[in-house]
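Every value quoted in this text rests on a predicted model; they were computed, and no experiment measured them. To find a chain, count down the sequence lines: A is the first, B the second, and so on, and within it residues start at 1.
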Amino acid sequence: MHRTLEHAATSWKGQPVRGGSALVTVLDPRARVVVAFGLSAVVVFAGGLLVPAVGLGLACAAVWLARLDRRATVRRVLTVDLFILVMVLMLPFTTPGQVVFNVGPLAASAEGLRHAAAIALKANAVVLFSLAFMSTMEAVTLGHALARLGLPARLVEVLLFTVRYLEVIGREYKRLRAAMKARAFRPRSNLHTWRSFGYLVGMLLVRSLDRARRILAAMKCRGYTGTLHLIDAMRLQRADGFFLGLAGATAAGLVVLDLVGA
Amino acid sequence: MHIVDGALSTPVVLVGAALAAGGLAIGLRKIDADRLPEVGMLSATFFVASLIHVPLGPSSVHLILNGLVGLVLGWAAVPALFVALLLQSVFLGYGGLMVLGVNTVVIAGPAVLVHLLCGPGVRRGGPRSAAIWGGIAGVVSILLTAVFVALALAATGDAFVPAAKLVLAAHVPVMLVEGVLTAAAVVLIRKVNPTLFEPAEPGAPVLEEAEHV
């Protein structure tokens, strides 16, 4: 428990790609964002079970091509699955329909089982798509890609500032926790612990905002007038065209498959 | 509390996206250049807080703190929380991509409501009443979050009603923790830097304040 607590704030950085470059990382970030959202939409809004299953297969292939760290990926996916486990397990028993089997007094229906399977397939497929296509780029690159795709400039700026401060806050949090630990604080399930965490969060906010104001002052000294100029050289290459075409054809195929299957 | 992709029906997902887009439009208009670092900081704090686990009985809960973010940011909490949720779903796989809108409404909606409801109480009055209003903000924000999740599930289908009830029940202990925590945080902030809860005016003299820090 304590180990997870101390490591908790470090896991935001996303996935390191093994071996430096993978097939996915050479592609244009905008193309990767579009494909991740597009394929996710096709899978999520599918009516039947076939398309989510095929989608999950594609997502696994994408993870393989992205050469993600296998253990980290499995851990992330398991976190999501633990999260939906209760709902997926409950669903067969709360959906009325044709009874397939009984557990004690509870009856599992075929409709409920199908629905539960669809949720599990879709949730996992989307997580794997975003881990494969998007978590492999730096968060700042994601911001630039979203800006180039037409997200409001202000929203992208909030994102860029957030990314910048994640590390700052994470470090500040660890410093404050270390100070508490040095004073023999051990988190337990009591009022004292919760109040101490409240003070911790309050202090985190106060210090962070002081820091934010100093940073703003420093930025103004360097000519900041309210616009962050995004400097990058995103250009669609031939490989991106091929990738987008392939993904588009796949998406279209899946939509047709869903319409025919349903 | 994140809802994953695939669980909700298409109309619920679309309504969530539309509401989130509206909230974002309002929130973004409240953010001028001077406030940008502050919003980024709060967004990052929400992100980090969700990775902090607090022991509770035999298990532990992670902090949500949307009430506190709402108290400090008001409507600007919507973009801040949206960005944190986007980063979480892209880099950690929490939640999903299509349900981002619903998740934003579920987390940021209570933040804004708490700001309107408890904001004045936290700003004015003595430390004791500020602590009480802070505690209310912590409890109510989680309660509303749980209610919104339950509503989204229940609107998807009757089969989800038991799951929705479970969500409500599971959030009761979280409400307790967040209430105490938010009250303590409010007391500390009031003592150390009460300007944090002041409604930010566009073009406020940020630079002069910074000199003393």
Side-chain angles (χ1 to χ4, degrees), chain A residues 5 8-9 12 14 37 40-41 44-45 76 80 83-84 87 90-91 94-95 112 118-119 122-123 126-127 130-131 134-135 139 142 152 154-155 157-159 161-162 165-166 169-170 173 187-189 191 194-195 197-199 201-206 208-210 212-217 226, chain B residues 2 4-7 10 24 28 31-34 36-41 43-45 47-49 51-57 60 65 68 72 79-80 83-84 87 89-94 96-98 159 162-163 166 177 180-185 188-189 192-193 196 206-207 209-210 213:
Chain A
L5 269 175
W12 68 269
F37 273 88
S40 297
V44 167
F45 297 123
R76 299 242 150 90
V80 174
F83 209 75
I84 58 173
M87 189 167 65
M90 274 172 82
L91 211 49
T94 55
T95 311
I119 292 176
K122 288 173 179 178
V126 172
V127 169
S130 62
L131 287 182
M134 294 197 290
S135 79
L142 175 73
R154 196 66 346 142
L155 194 57
E157 285 163 11
V158 172
L159 185 137
F161 271 101
T162 303
Y165 291 146
L166 271 173
I169 303 242
Y173 166 70
R188 289 209 182 85
S189 196
L191 205 61
W194 300 338
R195 200 188 302 133
F197 269 106
Y199 290 150
V201 168
M203 207 57 218
L204 199 61
L205 275 185
V206 169
S208 311
L209 281 167
D210 280 346
R213 282 171 188 162
R214 283 202 302 271
I215 291 170
L216 181 64
Chain B
H2 298 87
V4 294
D5 259 331
T10 306
L24 278 175
L28 285 175
I31 304 174
D32 62 356
D34 282 351
L36 209 46
E38 190 183 323
V39 178
M41 273 289 177
S43 175
T45 305
F47 192 109
V48 170
L51 300 172
I52 301 177
H53 286 256
V54 178
L56 181 73
S60 70
L65 291 184
L68 193 61
V72 178
V83 161
L87 290 173
S89 75
V90 166
F91 289 100
L92 303 181
Y94 297 164
L97 299 177
M98 296 302 121
L166 195 70
V177 172
V180 174
L181 222 139
T182 308
L188 183 124
I189 291 171
V192 181
N193 187 358
L196 231 144
V206 184
L207 285 178
E209 275 172 49
V213 179

>> Under 4.5 Å from any heavy atom of chain A, what part of B/Val192 do you find: side chain, backbone, both or neither?
In response: side chain

>> Report which part of B/Thr45 has an atom under 4.5 Å of a heavy atom belonging to chain A: side chain, backbone, both, or neither.
In response: both

>> For chain A, which candidate among B/Ala183, B/Ala49, B/Ala80, B/Pro162 shows the most heavy-atom pairs at distances under 4.5 Å?
In response: B/Pro162

> Do you know which two heavy atoms are closest between A/Ile84 and A/Ala123, and how far apart they sit?
Replying inline: CD1-CB, 4.0 Å

>> Using only atom types and a distance under 3.5 Å, with no angle test, would you say the side chain of A/Thr95 pairs donor to acceptor with the backbone of A/Leu91?
In response: yes

>> Less than 4.5 Å to any heavy atom of chain A: does that hold for the side chain of B/Ala7, its backbone, both, or neither?
In response: both

>> Working note: A/Phe37 + A/Met134, criterion side-chain contact (heavy atoms from CB on, under 4.5 Å); need CA distance, chi angles, decisive distance, verdict.
In response: CA-CA 10 Å; A/Phe37 273 88; A/Met134 294 197 290; 3.8 Å; yes

> With a 4.5 angstrom heavy-atom cut-off, which part of B/Met98 approaches chain A: side chain, backbone, both or neither?
Replying inline: side chain

>> Just verifying a value: how many Å separate A/Leu216 CG and B/Leu36 CG, rounded to the nearest 0.5 Å?
In response: 8.5 Å

> A/Ala118, A/Pro152, A/Ser130, A/Gly112: which one forms the most heavy-atom pairs within less than 4.5 Å of chain B?
Replying inline: A/Ser130

> Can you check whether A/Lys122's main-chain N or O pairs, donor with acceptor, with B/Asp5's side chain at less than 3.5 Å?
Replying inline: no

> Which answer fits A/Leu155, side chain, backbone, both or neither, if we ask what part of it has an atom under 4.5 Å from a heavy atom of chain B?
Replying inline: both

>> Counting only non-hydrogen atoms closer than 4.5 Å, does B/Leu56 touch chain A with its backbone (N, CA, C, O), its side chain (CB onward), both, or neither?
In response: both

>> Quick check: closest heavy atoms across B/Phe91 and A/Ala139, and the distance to 0.1 Å?
In response: CZ-CA, 3.5 Å

> Distance-only, no hydrogens or angles: does the A/Arg188 side chain make a donor-acceptor pair with backbone N or O of B/Pro55 under 3.5 Å?
Replying inline: no

>> Please rank A/Leu191, A/Leu204, A/Leu142, A/Leu205 by heavy-atom pairs under 4.5 Å with chain B and give me the top one.
In response: A/Leu205

